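To start, the structure itself, in structure tokens.
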Amino acid sequence: MFKLLLFVFICLLPDVSVAGAALQVFVSIPPQQFLVERIGQERVEVQAMLKPGDSPETFDLTLKQITKLNSAQLYFRIGMPFEHSWIDSIENNNTKISVIDCCAGILGERSKVLDNHVWTSVRNAVSLSTLIKQELIKIDPDHAPHY
């Protein structure tokens with residue numbers, strides 16, 4: 001009986017982050033993952049939604065991704081068409097997640113339609129890196145010098 005009560009008690013405990021635990025971060029594509037991992041190093045655990053070789057046209061969330069998204073602190077979106085179908089659901093299921101639009105301020109609407117591969121420009125990659133650093137510091141100000 002004691003074990004059952006202990007189990008129920010543990011299940012009802014709120015989700016408490018451990019100080020020093022890596023930030024859970026999601027990105028849309030591997031180039032973003034590369035940038036976030038280089039900036040955050042051991043302070044971040046980064047998951048890319050689209051894996052190398054996956055087709056953005058047929059992409060669908062996996063159950064594993066949905067589960068991990070529910071405990072993520074940050075999601076960096078890049079303006080890929082596949083994001084639009086499930087971004088609202090992510091925000092509704094995890095009210096603590098900050099969804100950051102990496103394209104905001106980089107390209108105009110006309111440019112996004114023509115080419116959303118913003119990470120291929122060195123100037124844009126610097127802008128993306130600066131945005132990523134700022135958002136990591138905003139979420140984890142105690143480790144600002146690290147980023």
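Hydrogens, waters and symmetry mates play no part in the numbers below; they use all other heavy atoms, side chains included. No experiment lies behind these values; they were computed from the predicted model shown. Residue numbers count from 1 along this sequence.
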Item to check | Spatial distance of atom NE2 (His143) from atom CZ (Arg43) [nearest 0.5 Å] | outcome: 4.0 Å
Item to check | Crowding at NZ, Lys51 (>12 non-hydrogen neighbours, <6.0 Å) | outcome: yes
Item to check | Flag side-chain contact, heavy atom, 4.5 Å: Val126 against Arg123 | outcome: no
Checklist entry - Roughly how far apart are Leu74 CG and Ile139 CD1, rounded to 0.5 Å? => result 4.5 Å
Checklist entry - Side chain of Gln32, backbone of Ile29: donor and acceptor closer than 3.5 Å? => result yes
Checklist entry - Quick one: CD on Gln73 to CG on Leu136, what's the gap to the nearest 0.5 Å? => result 10.5 Å
Checklist entry - Rounded to the nearest 0.5 Å, how far apart are CD of Gln41 and NE2 of His146? => result 4.5 Å
Item to check | Which residues share a side chain to side chain donor-acceptor pair (under 3.5 Å) with Thr95, sequence neighbours left out | outcome: none
Checklist entry - Phe26 vs Tyr75 aromatic rings, parallel, tilted or perpendicular, using cut-offs 30° and 60°? => result parallel
Next on the checklist: Treating Asn94 as the side-chain partner and Ala72 as the backbone partner, does any N or O pair qualify as donor plus acceptor under 3.5 Å?
Outcome noted: yes
Checklist entry - So how far is it from Ile132 CD1 to Ser127 OG, rounded to the nearest 0.5 Å? => result 10.5 Å
Next on the checklist: If you compare all heavy atoms of Glu45 against all heavy atoms of Ala22, which two are closest, and at what distance to 0.1 Å?
Outcome noted: N-CB, 4.0 Å
Item to check | Side-chain heavy-atom pair Leu61, Leu69 within 4.5 angstrom cut-off | outcome: yes
Checklist entry - Looking at Asp101 and Leu131, what are the two nearest heavy atoms and their distance? => result O-CD2, 4.0 Å
Item to check | Shortest non-hydrogen contact between Ile39 and Ser129, atoms and distance | outcome: CD1-O, 3.4 Å
Checklist entry - Is the number of heavy atoms from other residues, nucleotides or ligands under 6.0 Å of Tyr147 OH greater than 12? => result yes
Next on the checklist: In the structure I gave you, are the side-chain heavy atoms of Ile78 and Leu128 within less than 4.5 Å of one another anywhere?
Outcome noted: yes
Item to check | Side-chain heavy-atom pair Met49, Gln65 within 4.5 angstrom cut-off | outcome: yes
Checklist entry - Are the side chain of Gln33 and the backbone N or O of Val46 linked by a donor-acceptor pair below 3.5 Å? => result yes
Next on the checklist: Using 0.5 Å steps for rounding, measure from the CG atom of Leu50 to the OG atom of Ser28.
Outcome noted: 8.5 Å
